[in-house]
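Following: one structure in structure tokens, then a few remarks.
All values below were derived from every heavy atom in this structure, side-chain atoms included, with hydrogens, water molecules and symmetry-related copies excluded. Within every chain, numbering begins at 1; the chains are lettered A, B, ... in the order of the sequence lines, protein sequences first and strands thereafter.
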Amino acid sequence: MKLQSLYMPFLLIGMVFIFSCKGTVKDSDLLTAINEKIQTNPEMTGLTATVVEGVVTLSGACKDDACKSFCEKTVKAISGVKSVVNNCTIIPAVVDTPVVPEVSDALAQAITDACKDFPGVKTDLKEGVLTLTGEIAKDKLQTLMMSLNTLKSLGLKKIESAELVKK
Amino acid sequence: MSLENKYKALIEAAGNGIVSNLQVREQDNVLYIDGEATGATKQKLWDLYGSIDPDYASGDLMLNINSVAGIHEGAKLKVTTSRTNLNIRKGPGTDTEVVGKAARHEIVTLVRKENDQWWLIKTDDGEEGYSFTQYLTPIEQ
């Protein structure tokens, strides 16, 4: 019994030493392991991590929920990580702009302006579709069409000019 | 896809690196070609368009080439009306008062772009107001 009471305190001290070592050394080792994951996974590009006593805080931008949880799972799988605080924000990838924008309030006036010097041309705008009737000199047609085609940026979808007489 | 075939020569010409931010998309039987280019390139593409569809009457193409995107304040512009003087207006619209005139082929200065249709310009005589970009041709350096 005497022998046992002698080495017991040493055993306890030793255990405390081992555990405390595990806590302090591991944070920096964990960070290294996490940074390796960030560098090798394209999904994790741009993320940053901090580690405090095995608790990892992730921040940065993810493109969607799946990406966010993938990053969390990947970090959780590293042995020694106690938990993950996932502070990643979701910033969706840029959505393709619509082919034709919404019809702008300025479209009707812009059509009037573009046609002002072509008095024979009549215009009718309905839901972004412009119908041209009346008549125009053939050599002026390109100038008018060039102007009108740029109004697509104000929401002009289509120009119907089959009924427009070109002289 | 038939429209892309019909305007193949035009798409190929535009795709040859002369149009920046080029987008070619088809929706509801209309082909949309958008991009930015110089005035000379825009003219070339329009002439090509005219050779495919002589009267631009099929209603199946919107050729939206912005030739004014690269033009900045202070740029010199030539008045390219066909015969008449160019109106200089109080505001950006033909519904506003005419406050001055610029002669055909006169050189004016770009003060500010209000939008792609109307620019604030200044003549050498100091007249300032809005003019329709259709009649202003940047003097290409």
Would the number of heavy atoms belonging to other residues, nucleotides or ligands and lying under 6.0 Å from NZ of A:K166 be above 12?
yes
Rounded to the nearest 0.5 Å, what separation is found between the CE atom of A:M146 and the CG atom of B:N64?
12.0 Å
Chain A contact via B:D55 - side chain, backbone, both or neither, heavy atoms under 4.5 Å:
both
A:K116 and B:T94: which non-hydrogen atoms are nearest, and at how many Å?
CD-CG2, 3.3 Å
Main-chain N/O of B:L63 paired to A:N149 side chain as donor or acceptor, under 3.5 Å:
yes
Value for OG (A:S153) from CG (B:N115), rounded to nearest 0.5 Å, stands at 9.0 Å
Atom CG in B:L86, atom CG in A:D117: separation rounded to 0.5 Å?
9.0 Å
Starting from A:M145, can I reach B:I52 by hopping between I/L/V/M/F/W/Y residues whose side chains sit under 4.5 Å apart?
yes
Residue part contacting chain A, namely of B:D53, when any heavy atom lies under 4.5 Å:
neither
How close do A:S161 and B:A57 get, heavy atom to heavy atom, and via which atoms?
OG-CA, 3.4 Å
For the CD atom on A:E163, are there more than 12 heavy atoms of other groups (residues, nucleotides or ligands in this structure) within a distance under 6.0 Å?
no
Single-linkage hydrophobic cluster, 4.5 Å side-chain cutoff, B:V99 and B:L136 together
yes
List the steps, then state whether side-chain contact (heavy atoms from CB on, under 4.5 Å) holds for B:W118 with A:D113.
CA-CA 10 Å; B:W118 291 91; A:D113 292 348; 2.9 Å; yes
B:D47 atom CG, neighbour heavy-atom count above 12 within 6.0 Å
yes
If you count every heavy atom of other residues, nucleotides or ligands that lies below 6.0 Å from A:K37 atom NZ, does the total exceed 12?
no
side-chain contact (heavy atoms from CB on, under 4.5 Å) for A:L144 and B:Q134? Distances and angles first, verdict last.
CA-CA 9 Å; A:L144 174 66; B:Q134 182 180 313; 5.8 Å; no
Is a salt bridge present between B:D28 and A:K158, judged by a nitrogen-to-oxygen distance below 4.0 Å?
no
Please tell me whether A:V81 and A:L31 are part of a single hydrophobic cluster in this structure, the criterion being side-chain heavy atoms less than 4.5 Å apart.
yes
Report which part of A:Q142 has an atom under 4.5 Å of a heavy atom belonging to chain B: side chain, backbone, both, or neither.
both
Side chain, backbone, both or neither: which part of A:A114 has an atom under 4.5 Å from a heavy atom of chain B?
both
If one checks every heavy atom of B:F132 against chain A at 4.5 Å, the contacting part turns out to be side chain
Determine whether a donor-acceptor pair (N or O, by modelled atom type, separation under 3.5 Å) exists between the side chain of A:T150 and the backbone of B:D116.
no
At a 4.5 Å cut-off on heavy atoms, which part of B:N29 comes close to chain A: side chain, backbone, both, or neither?
neither
Quick check against the 3.5 Å criterion: does B:Y32 have a side-chain atom that pairs as donor or acceptor with the backbone of A:K157?
yes
Do A:V121 and A:V129 sit in one hydrophobic cluster, given that two such residues count as connected whenever their side-chain heavy atoms are within less than 4.5 Å of each other, even indirectly?
no
Closest approach of A:L154 to B:Q117 (non-hydrogen atoms, all atoms of both residues):
CD1-OE1, 3.7 Å
In one Ile/Leu/Val/Met/Phe/Trp/Tyr side-chain cluster, 4.5 Å: A:V55, A:V51
no
Is it the case that atom NZ in B:K113 sees more than 12 heavy atoms from other parts of the structure closer than 6.0 Å?
yes
